[in-house]
Amino acid sequence: MPEVESAPRRWRDVALFCCICVATVVAADLGLRRVSAPRYVREVQDALAEYKHEDPTVLVLGSSHARTFTYMDAVARSRSNGSTRVMGVPLEWGKFTSYEWVLQERLRPFIEEVENGKRKRSSLKHAILLTAWWDACGKDGDPPVFNLPSRAWAFEHFARDVADRGVTAHNRNYVTARWLEHWHGSILVSARGHDHLVSAVRDLVRPMSAEGKQKQWETHLTNWQHLIEGGAPTMGYEPELAAADRILAYFQSIGVDVTLMLYPLMPVTLTDLAKETVLRPFSKLMRQVAEKRGVRFIDATFDHNVVDSDFQPDFDHLTPDGHNKLANWLLDTKLSFLLETQPAGGQP
């Protein structure tokens, strides 16, 4: 009769097989990290974690472009011997309505926190609402903004939404984002939904020709140009403009100097059509929003010191050197008042 395998031996074999599988996955992950390292950028949650123990003099609220102001923080602290402290709060793919949510739900408790009868953080002098054309576009019936659950919610917001609506595709973004954060060090996990790893492996195995790279670049550029031009039909969406006005009004109500600023865009992405139908109308709208509140207005859409090579291949975000270049230039020019001892008055 054949020998009957004992249960303990079977479990040992299963355990050994599992260990081999885990070791294989870990080895593959470590190897692939050498090809394409996990990427992490500053998010709302990072700013909130800092705010617990920081007392900024400048608060910048905006989309992913607000990451420039993290670089500016280091420059400003160095130039001012620590008296100017800049906190950038970047909400990826944000718009004015979502910036307002972040302000009221996540930032306001820090801004207004009281300790021993006095405001715990009393140094805030300047607030900058940073924006670009995307923020003023929208249409009725737009789906819920997915970037709030993934990038700005706390557990209490998730629990409240589940209690009200049940588990939905919208609130599951919170769970997915927290899971990915937990496994950020794994390229196999963090690369899910992105093309970074696949592109890196493909380039390693079969490098793309110079002609192929140029064609790919031109295709991405055309798509980005069309994206900007596509903002024309919904430019000036009233709910977004109203949210921008409320953000400015809040900062005015707490007595800080307020600036509405338009962020630089990659020059090559700006077609004549986009300039005439999207970017200049957007600038005019934002100037009107600023004038209504009597706050400073800065338009750096075209007036800046960065060039195409300072931008990443996504045609939207600056490289680290580009961030530093722009941060230094802004402090030398349009935002030099941030280094002054007293606010500059907030007039447009």
Of Arg108, Arg106, Arg246, which is the lone residue that meets salt bridge (charged side-chain N to carboxylate O under 4.0 Å, His left out) with Glu100? Arg246

Which heavy atom of Pro90 sits nearest a heavy atom of Ser64, and at what distance? CB-CA, 4.1 Å

Nearest heavy atoms of Ala232 and Val278, plus distance in Å: N-CG2, 3.5 Å

Report the distance from atom CD of Glu105 to atom CG of Leu148, rounding to the nearest 0.5 Å. 10.0 Å

If Ile, Leu, Val, Met, Phe, Trp and Tyr residues are connected whenever their side-chain heavy atoms lie under 4.5 Å apart, and connections chain through other members, are Trp217 and Leu318 in the same group? yes

Qualifying residues under ring-ring contact (aromatic ring centres under 6.0 Å, His included), relative to Tyr237, sequence neighbours excluded: none

Between Ser283 and Leu262, the two heavy atoms sitting closest are CA-CD2, 3.8 Å

pair Val89-Leu107: side-chain heavy atoms closer than 4.5 Å: yes

Do the rings of Phe158 and Tyr174 sit parallel, tilted or perpendicular, given the 30° and 60° boundaries? parallel

Look up atom NZ in Lys125 and atom OG1 in Thr57, then write down how far apart they are to the nearest 0.5 Å. 6.5 Å

With distance as the sole test, does Tyr99 use its side chain to make a donor-acceptor pair with the main-chain N or O of Ser63 at under 3.5 Å? yes

Might you work through the side chain to side chain donor-acceptor pair (under 3.5 Å) test for Thr301 and Asp299, ending with a clear yes or no? CA-CA 6 Å; Thr301 306; Asp299 186 355; 2.6 Å; yes

Hey, mind stepping through Thr168 and Asn171 against side chain to side chain donor-acceptor pair (under 3.5 Å) and telling me if it holds? CA-CA 5 Å; Thr168 65; Asn171 56 43; 3.2 Å; yes

Test side chain to side chain donor-acceptor pair (under 3.5 Å) on His317 and Asp314; report intermediate values, then the result. CA-CA 7 Å; His317 300 101; Asp314 64 3; 2.5 Å; yes

Does either side chain, that of Arg79 or that of Thr84, offer a donor lying less than 3.5 Å from an acceptor on the other one? no

Test item: side-chain donor near acceptor, Asn147 and Ser150, under 3.5 Å: no

Quick one: closest heavy-atom pair of Leu241 and Gly236, and the distance? CD1-O, 3.7 Å

For Arg121 and Phe110, indicate whether the former's side chain and the latter's backbone hold a donor-acceptor pair under 3.5 Å. yes

In the structure I gave you, are the side-chain heavy atoms of Pro281 and Trp133 within less than 4.5 Å of one another anywhere? no

Closest non-hydrogen atoms of Gly231 and Cys137, given as atom of the first, atom of the second and distance, are O-SG, 3.5 Å

Kindly work out whether a path of hydrophobic side-chain contacts (I/L/V/M/F/W/Y, heavy atoms less than 4.5 Å apart) joins Trp329 to Val307. no

Between Asp73 and Arg77, is the closest basic N to carboxylate O distance under 4.0 Å? yes

Salt bridge between Glu43 and Arg151, side-chain N to carboxylate O under 4.0 Å? yes

Considering residues, nucleotides and ligands other than Arg119, do more than 12 of their heavy atoms fall under 6.0 Å from its CZ? yes

Across all chains, not counting sequence neighbours, the side-chain contact (heavy atoms from CB on, under 4.5 Å) partners of Leu273 are Glu229, Thr271, Thr277

Check this for me: does any side-chain nitrogen of one of Glu50 and Arg42 sit under 4.0 Å from a carboxylate oxygen of the other? yes

Short question: side chain of Ser83, backbone of Ser80 - any donor-acceptor pair under 3.5 Å? yes

Thr269/Gln225 under side chain to side chain donor-acceptor pair (under 3.5 Å): CA gap, chis, key distance, verdict: CA-CA 5 Å; Thr269 66; Gln225 290 173 334; over 6 Å; no

Rounded to the nearest 0.5 Å, the CD1 atom of Ile298 sits from the OG1 atom of Thr131 at a distance of 13.5 Å

Val75 backbone acceptor or donor facing Ser78 side chain under 3.5 Å: no

Donor-acceptor pair, Asp310 side chain versus Val306 backbone, under 3.5 Å? no

Sequence neighbours excluded - ring-ring contact (aromatic ring centres under 6.0 Å, His included) pairs with any residue from residues 70-94: Tyr71-His323, Trp93-Trp134

Might you work through the salt bridge (Lys or Arg N to Asp or Glu O under 4.0 Å) test for Glu291 and Arg296, ending with a clear yes or no? CA-CA 8 Å; Glu291 289 177 346; Arg296 184 185 295 102; over 6 Å; no

Given Met261 and Val60, is the side-chain contact (heavy atoms from CB on, under 4.5 Å) satisfied, shown in steps? CA-CA 10 Å; Met261 176 179 169; Val60 184; over 6 Å; no

Could you walk me through whether Leu130 and Thr68 satisfy the side-chain contact (heavy atoms from CB on, under 4.5 Å) test, starting with their C-alpha distance in whole Å, then the side-chain angles of each, then the deciding distance to 0.1 Å, before giving a yes or no? CA-CA 11 Å; Leu130 189 68; Thr68 291; over 6 Å; no

Taking Ser253 for its side chain and Tyr250 for its backbone only, find out whether a donor-acceptor pair lies under 3.5 Å. yes

Approximate separation, where rounding is to 0.5 Å, of Phe315 CZ and Ile228 CD1: 10.5 Å

List the steps and the verdict of side-chain contact (heavy atoms from CB on, under 4.5 Å) for Thr222 and His226. CA-CA 6 Å; Thr222 299; His226 289 168; 3.4 Å; yes

Please determine whether side-chain contact (heavy atoms from CB on, under 4.5 Å) holds for the pair Met266 and Trp224, giving the CA-CA distance in whole Å, both sets of side-chain angles, and the decisive distance to 0.1 Å. CA-CA 10 Å; Met266 186 176 181; Trp224 192 259; over 6 Å; no

Can you name the nearest heavy-atom pair linking Val289 to Ala244, along with the distance? CG1-CB, 4.4 Å

Output yes when Lys215 and Glu211 qualify as a salt bridge under the 4.0 Å nitrogen-oxygen rule, no when they do not. no

Nearest 0.5 Å, please: how far is CD in Glu276 from CZ in Arg280? 4.5 Å

Is there a donor-acceptor pair under 3.5 Å between the side chain of Gln252 and the backbone N or O of Arg293? yes

With distance as the sole test, does Arg85 use its side chain to make a donor-acceptor pair with the main-chain N or O of Asp55 at under 3.5 Å? yes

Inter-residue atom distance Phe251.CZ - Leu61.CG, 0.5 Å rounding: 6.0 Å

Taking Leu48 as the starting point, is it possible to reach Phe155 by hopping between hydrophobic residues whose side chains are less than 4.5 Å apart? yes

For the residue pair Trp153 and His157, does the interplanar ring angle fall in the parallel (under 30°), tilted (30 to 60°) or perpendicular (over 60°) class? tilted

Ring-plane angle category for Tyr263 and His65, please: parallel below 30°, perpendicular beyond 60°, tilted otherwise. parallel

Face-on cation placement of Arg172 at Phe146 ring, 6.0 Å and 45° thresholds: no

With a 3.5 Å distance limit and no angle check, can you tell me whether Asn173 reaches the backbone of His170 through a side-chain donor-acceptor pair? yes

